[in-house]
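These numbers come from the heavy atoms of this one structure, side chains and all, not from hydrogens, waters or symmetry mates.
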Amino acid sequence: MNGALAGCGVAVTRNEPADGPLSRRLSERGATVFRWPTLVVRPVADAAPLERALERLSQYDWILFSSRNAVAAVTERVARCPEGVQTAVVGESTAEALEAAGWPVHLVPRQFSAAGLVEELTRRHELSGRRVLFPAGSIARETIPQELGRLGAQVDRVTAYETRKSPLDGAACVERIEAGAVQAVTFASPSAVEGFRDALGERCASALADVAVVAIGPTTGAAVEELCEVQPAVAEPSTIEGLAAAVVVALQQRST
């Protein structure tokens, strides 16, 4: 795949450094990467609720992680997973972060999404009456606690980190696209889509109509369709590597 994106400009809207996992994979394929982060992640302003939950972590049956940021917030405070507590993660990237911190990973869903995680837990485990800790970002969707709550689980959702809009210059993004410097825009979460739409405003749909738009999974793809009014390509599998590979395919299809 080296050189497959030579001469192509690809925008990365996820919050990562210049050598982050997606940017690195795109660069290795020859792309010129434009960093357009729509969100910034910060430590939670009031960590007391999270710390109180972690003090009684051994009382939970499950702890669920939906992002690497949640993993960091927990494992920086708790070195080891208490015996008897099981962990579930939303995807491979989160699993890698948890294992790198020395924690076990007991469940990874086949479909890397919040809905996939709920489905896998439901299929493999009895959840009624189980105590579940869900440390999440400040703007994380309520899919996991709501669905598990309907199944009878006792879910404690605590804010592990804060996510805020990044001051993305939407006009500059449009200029880059119209100048032909950017051929693809990537999205790795629904919140990134929302931030991008907010930055570009009513020019979002027309700007994205001129480029390949690639989403990491079906949930993010649905957000692109709803908020940006364009049909994205959707990565399969829903991983960072899958997203980078999907950019190659999407641009090849546009060139034929």
Side-chain angles (χ1 to χ4, degrees), residues 12-17 20-22 35-54 57 60 62-78 81 87-98 100-101 103 105 107-109 111-118 121 132-149 153 155-168 186-199 215-224 226-227 238-240 243:
V12 172
T13 60
R14 76 190 301 264
N15 181 35
E16 67 172 38
L22 180 56
R35 293 181 61 243
W36 291 354
T38 64
L39 303 168
V40 293
V41 175
R42 299 173 180 168
V44 62
D46 180 10
L50 173 63
E51 291 172 351
R52 285 196 297 269
L54 294 179
L57 186 55
Y60 289 96
W62 286 91
I63 177 168
L64 310 185
F65 295 97
S66 61
S67 72
R68 298 173 68 95
N69 293 313
V71 169
V74 170
T75 58
E76 287 171 358
R77 293 174 168 86
V78 180
C81 181
T87 65
V89 300
V90 79
E92 287 182 353
S93 177
T94 309
E96 290 171 1
L98 195 58
W103 279 50
V105 177
L107 186 146
V108 183
Q111 178 187 346
F112 299 154
S113 66
L117 179 57
V118 171
L121 277 168
V132 178
L133 177 63
F134 178 47
S138 57
I139 63 172
R141 298 188 174 191
E142 294 296 326
T143 302
I144 289 175
Q146 286 180 353
E147 293 302 318
L148 294 184
V155 184
D156 291 340
R157 182 197 191 282
V158 295
T159 301
Y161 60 94
E162 294 183 357
T163 307
R164 296 287 181 265
K165 290 180 182 179
S166 175
L168 180 65
T186 63
F187 294 102
S189 69
S191 54
V193 178
E194 293 170 6
F196 188 82
R197 189 276 314 272
D198 290 346
I216 196 169
T219 303
T220 302
V224 172
E226 177 184 354
L227 299 175
S238 300
T239 62
I240 295 299
L243 181 55

Mark yes or no for whether Thr13, through its side chain, and Thr186, through its backbone, hold a donor-acceptor pair below 3.5 Å.
yes
Correct closest heavy-atom pair for Phe134 and Ser66 would be CE1-OG, 3.7 Å
I'd like to know if the side chain of Arg14 reaches the main chain of Gly20, judged simply by a donor and an acceptor atom lying under 3.5 Å from each other, with no hydrogens or angles considered.
no
Check whether any side-chain heavy atom of Glu92 sits under 4.5 Å from a side-chain heavy atom of Ser238, and report yes or no.
no
Short question: side chain of Thr75, backbone of Ala101 - any donor-acceptor pair under 3.5 Å?
no
For the student: nearest non-hydrogen atoms of Thr94 and Ser67, plus distance:
CG2-O, 3.6 Å
Judged by atom type as modelled, is there a donor-acceptor pair below 3.5 Å linking the side chain of Glu162 to the main-chain atoms of Ala45?
yes
Check Glu194 with Arg141, please: is the shortest side-chain N to carboxylate O separation under 4.0 Å?
yes
Phe196 vs Phe187 aromatic rings, parallel, tilted or perpendicular, using cut-offs 30° and 60°?
perpendicular
Side chain to side chain contact (heavy atoms under 4.5 Å, CB included), that's the test. Do Trp62 and Leu148 meet it? Break it down for me.
CA-CA 11 Å; Trp62 286 91; Leu148 294 184; over 6 Å; no
To the nearest 0.5 Å, tell me how far Lys165 NZ sits from Ile139 CD1.
9.0 Å
Quick one, Arg35 with Glu16, criterion salt bridge (charged side-chain N to carboxylate O under 4.0 Å, His left out). Give me CA distance, side-chain angles, the key distance, then yes/no.
CA-CA 8 Å; Arg35 293 181 61 243; Glu16 67 172 38; over 6 Å; no
Distance-minimising heavy-atom pair for Pro135 and Ile63
CD-CG1, 4.0 Å
Does the side chain of Arg68 come within less than 4.5 Å of Glu96's, by heavy atoms?
yes
Provide the closest heavy-atom pair for Pro109 versus Val90 in the form atom of the first, atom of the second, distance.
CG-O, 3.7 Å
Side chain of Ser166, backbone of Pro37: donor and acceptor closer than 3.5 Å?
yes
OG1-CG distance between Thr163 and Asn69, expressed to the nearest 0.5 angstrom
7.0 Å
Got Leu22 and Leu243 here, is their nearest side-chain heavy-atom distance under 4.5 Å?
yes
Search all heavy atoms of Pro49 against all heavy atoms of Val158 and return the closest pair with its distance.
O-CG1, 4.1 Å
List the steps and the verdict of side chain to side chain contact (heavy atoms under 4.5 Å, CB included) for Ile216 and Thr239.
CA-CA 6 Å; Ile216 196 169; Thr239 62; 5.8 Å; no
Step by step, would you call Thr159 with Leu50 a side chain to side chain contact (heavy atoms under 4.5 Å, CB included)?
CA-CA 7 Å; Thr159 301; Leu50 173 63; over 6 Å; no
Using the rule given for side chain to side chain contact (heavy atoms under 4.5 Å, CB included), can you reason through Val132 versus Ile144, listing the C-alpha separation, both sets of side-chain angles and the distance that settles it, and then say yes or no?
CA-CA 10 Å; Val132 178; Ile144 289 175; 5.9 Å; no
Does a side-chain heavy-atom distance below 4.5 Å link Val78 with Trp103?
yes
Output for pair (Arg164 CZ, Arg42 CZ), nearest 0.5 Å, gives 7.0 Å
With a 4.5 Å heavy-atom cut-off, do Leu107 and Thr87 have their side chains touching?
no
Could you tell me which non-hydrogen atom of Val41 sits nearest to which non-hydrogen atom of Asn15, and how far apart they are?
N-ND2, 3.6 Å
Asp156 side, atom CG; Leu64 side, atom CG - distance, nearest 0.5 Å:
11.0 Å
